[in-house]
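Report on the structure given below.
Bear in mind the structure is a predicted one, so any value in this text is a computation, not a measurement. Chain letters run A, B, ... following the sequence lines, proteins first and then strands; every chain starts at 1.
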Protein chains: 2
Amino acid sequence: MNKLEERILKNGIVKEPNILKVDSFINHQIDVGLLNDIGKMFKERFDEEITKILTIEASGIAIATVAAQYFNVPVVFAKKVESKNLNKDVYETKVYSFTKDREYTVKVSKDYLNSSDKILVIDDFLANGHAAMGLIDLVNQSGADMVGVGIVIEKGFQEGGKLLRDKGIKVESIAIVDSMESGTIKFRGV
Amino acid sequence: MNKLEERILKNGIVKEPNILKVDSFINHQIDVGLLNDIGKMFKERFDEEITKILTIEASGIAIATVAAQYFNVPVVFAKKVESKNLNKDVYETKVYSFTKDREYTVKVSKDYLNSSDKILVIDDFLANGHAAMGLIDLVNQSGADMVGVGIVIEKGFQEGGKLLRDKGIKVESIAIVDSMESGTIKFRGV
């Protein structure tokens with residue numbers, strides 16, 4: 001069991017149905033030491049050449065920034081906008097958020113993603129995979145290489161991980177929660 | 001001139017009236033090495049006891065998280081919500097955003113700010129001071145000590161810095177832009 005898995009067991013709160021709250025150390029209050037441990041694990045799992053880390057605001061920014069220190073590359077974060085105005089200078093895609101029951105337009109300036117880039121996508125959660133698919137769409141529009149997807153916590157009982165891996169995308173999740181029945185968290189491979 | 005000021009001169013783009021774009025290294029693409037330099041400067045300028053760093057989503061998260069590594073404390077980021085539902089478990093305040101011409105409700109869970117905390121507020125920009133005042137309001141509601149405000153770029157020609165300093169709040173800005181007339185950036189004290 002790695003440090004993240006231990007911490008989830010200690011401080012994660014399971015709320016029915018299938019909601020795992022990690023507000024006390026990942027996405028409201030942030031344990032920066034833990035993020036450093038996770039950043040190092042991403043570096044061990046992605047030894048490919050990476051030129052940029054791409055994430056999405058807001059809660060992906062902290063882990064992407066800390067991880068970027070181990071890769072020595074810049075972070076680019078995609079912005080969520082409600083505007084439907086098309087802008088020539090950005091790559092845009094649509095992402096449906098289940099937690100907010102709303103579709104967002106997500107955009108990245110063309111200045112910061114280009115065909116010579118080798119992109120590692122990093123995000124805090126992978127559940128249905130909509131956010132990750134949106135980011136991959138932006139990478140594909142830019143012509144950059146999609147090296148892989150690094151996830152802090154994957155909900156293994158939802159379809160996002162399978163969806164991405166079935167497309168041949170390398171996905172590395174530091175903790176994969178395979179079930180949370182009756183509040184008991186079971187991790188994959190532990 | 002410090003590294004941030006040098007970088008603003010090199011890569012910042014002045015757009016009339018009074019808009020300074022630093023998208024290429026601070027708030028869309030992030031130069032994590034530069035954020036580390038800024039984090040160290042915050043640590044030098046705030047040698048008081050700090051127990052937590054408070055920021056606001058989205059663009060404050062990266063610098064707050066990197067800076068927190070030098071203070072060895074957690075980051076808490078306030079969340080912007082449109083809901084007007086009062087929630088007993090959170091501290092809430094209202095912040096008017098000039099860039100988006102909209103008022104947000106900003107909230108922090110009561111679990112992550114309490115009366116024994118000594119808070120350093122960190123944000124990327126200080127202009128009219130509304131976001132910083134909102135964060136200070138949240139700190140005051142919690143009964144925590146307000147140690148100071150660390151800002152990456154202060155627009156010295158807008159009223160936010162004066163407003164905060166006149167209230168006796170320690171404000172440290174790594175770069176203070178005093179004017180941008182005709183596209184020429186002048187820094188305070190440089």
Side-chain angles (χ1 to χ4, degrees), chain A residues 11 13 21 23-36 38-39 51-83 89-91 99-100 102 106-114 117 122 124, chain B residues 11 13 21 23-36 38-39 51-83 89-91 99-100 102 106-114 117 122 124:
Chain A
N11 294 129
I13 297 171
K21 280 184 74 87
D23 273 11
S24 66
F25 56 104
I26 295 283
N27 49 19
H28 187 10
Q29 181 168 255
I30 300 168
D31 180 335
V32 183
L34 179 65
L35 290 201
N36 271 283
I38 294 168
T51 64
K52 270 173 199 161
I53 289 176
L54 177 66
T55 190
I56 185 167
E57 66 179 8
S59 58
I61 295 175
I63 177 57
T65 305
V66 171
Q69 295 174 332
Y70 299 98
F71 291 90
N72 286 309
V73 298
V75 170
V76 175
F77 65 91
K79 301 194 175 194
K80 292 174 185 168
V81 283
E82 280 166 77
S83 137
D89 304 325
V90 300
Y91 302 114
T99 34
K100 301 204 172 166
R102 200 159 91 182
V106 173
K107 65 174 187 178
V108 169
S109 166
K110 290 185 179 176
D111 290 340
Y112 308 130
L113 276 187
N114 62 66
D117 277 322
I122 284 188
D124 57 344
Chain B
N11 295 128
I13 296 171
K21 280 184 74 88
D23 273 11
S24 66
F25 55 105
I26 295 284
N27 50 18
H28 187 10
Q29 181 168 256
I30 301 167
D31 181 333
V32 184
L34 180 65
L35 289 201
N36 271 283
I38 294 168
T51 65
K52 271 174 198 161
I53 290 177
L54 177 66
T55 189
I56 185 167
E57 65 178 9
S59 57
I61 295 176
I63 178 58
T65 304
V66 170
Q69 296 174 331
Y70 298 98
F71 291 90
N72 285 310
V73 298
V75 170
V76 175
F77 65 91
K79 300 193 176 195
K80 292 175 185 165
V81 283
E82 280 166 79
S83 137
D89 304 325
V90 299
Y91 301 115
T99 33
K100 300 203 173 167
R102 201 159 89 182
V106 173
K107 64 174 187 179
V108 168
S109 166
K110 290 186 179 176
D111 290 340
Y112 309 130
L113 275 187
N114 61 68
D117 277 321
I122 284 189
D124 56 345

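- Taking chain B as the reference chain and counting heavy-atom pairs below 4.5 Å, the highest number among A/Ile53, A/Asp111, A/Asn36 is found for A/Asn36.
- Contacts of B/Val73 with chain A are made by backbone atoms alone, with heavy-atom separations under 4.5 Å and no side-chain atom involved.
- Most heavy-atom pairs under 4.5 Å with chain B: of the set A/Ser109, A/Ala64, A/Ala78, this distinction falls to A/Ser109.
- For the pair B/Val66/A/Gln69, a side-chain contact is recorded, criterion being any heavy-atom separation below 4.5 Å from C-beta on.
- Heavy atoms only, all atoms of each residue included: B/Val32 and A/Ala68 are closest at CG2-CB, 3.8 Å.
- Between A/Lys79 and B/Asn27 the shortest heavy-atom distance is NZ-O, 3.0 Å.
- Between A/Ile30 and B/Phe77 the shortest heavy-atom distance is CD1-CD2, 3.7 Å.
- Residues A/Val76 and B/His28 are in side-chain contact: their nearest non-hydrogen atoms beyond the backbone lie under 4.5 Å apart.
- Neither the backbone nor the side chain of B/Asn72 has a heavy atom closer than 4.5 Å to any heavy atom of chain A.
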